[in-house]
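This report concerns only the one structure given below.
We use all heavy atoms of the structure for the numbers below, so side chains are in, but hydrogens, waters and symmetry mates are not.
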Amino acid sequence: MKANLGNFQAVRQMEGPNGPIKNQFIIYTDKGRVFQSYNTVIAARLGDGEVLLDERNWEYSRTTGKYRNLFLAEGINDTRRKIESGEYKLVDLN
């Protein structure tokens, strides 16, 4: 089942220490924030604190992982632990 991420409100290019990051976006919806890498939704942080990761693409590449970590404000080991504990859910975001 595909996750409902809410109604689109705005999109911004992700920012890094050196300015905008090419092909990495934060999408704002009425339910929260969504991280998109190129044309693929990778993760969502909803307003109620729930974190959803795309079941097929959450660890697609090293580059995607770098910006996913930035979006979640944590490292890959923390993310894996939260998936295993059930704190983060793997769902179809695409």
#### Entry: Side chain proximity check, L72 to V51, heavy atoms < 4.5 angstrom
yes
### Task
Taking the side chain as every heavy atom from C-beta outward, state whether I21 and Q13 have any pair of such atoms under 4.5 Å apart.
no
### Summary
So the ring-ring contact (aromatic ring centres under 6.0 Å, His included) pairs with at least one residue in residues 28-72 (sequence neighbours excluded) are F35-F71
### Task
Would you give the length of the straight line joining atom NZ of K82 to atom CG of N77, rounded to the nearest 0.5 angstrom?
12.0 Å
### Query
Do D48 and K31 meet the salt-bridge criterion of a basic N to acidic O distance under 4.0 Å?
no
### Query
Should D92 and R56 count as side-chain neighbours, where that means a heavy-atom distance under 4.5 Å?
yes
### Query
Taking atom CD of Q24 and atom OG1 of T63, what is their separation to the nearest 0.5 Å?
7.5 Å
### Message
When you compare the side chain of Y88 with that of L52, does any pair of heavy atoms fall below 4.5 Å?
### Response
no
### Query
So, the side chain of T79 versus the backbone of G75: is there a donor-acceptor pair under 3.5 Å, distance only?
yes
### Message
Nearest 0.5 angstrom please: Q36 CD to N94 CG, how far?
### Response
8.0 Å
## Note on the structure
Separation between CG (L53) and CD1 (I42), nearest 0.5 Å, reads 9.0 Å
### Same cluster (ILVMFWY, side-chain, under 4.5 Å), V11 and V34
yes
### Query
Would you say D54 and V91 make side-chain contact, with heavy atoms under 4.5 Å?
no
### Summary
One should read off an interatomic distance between T29 OG1 and L5 CG, to the nearest 0.5 angstrom, of 6.5 Å
### Task
Determine, stepwise, if the pair T64 / S61 fulfils side-chain hydrogen bond (donor to acceptor under 3.5 Å, both in side chains).
CA-CA 5 Å; T64 296; S61 70; 3.1 Å; yes
### Message
Could you go through L70 and M14, starting from their C-alpha distance and side-chain angles, then the distance that decides it, and tell me whether this counts as side chain to side chain contact (heavy atoms under 4.5 Å, CB included)?
### Response
CA-CA 9 Å; L70 182 62; M14 186 178 264; 3.8 Å; yes
### Task
Output, in order, the C-alpha distance, side-chain angles, deciding distance and verdict of side chain to side chain contact (heavy atoms under 4.5 Å, CB included) for E59 and R80.
CA-CA 10 Å; E59 58 179 343; R80 286 189 176 120; 3.0 Å; yes
### Query
Do R68 and I76 come close enough that some side-chain heavy atom pair is under 4.5 Å?
yes
### Separation of N69 CG from E74 CD (nearest 0.5 Å)
7.5 Å
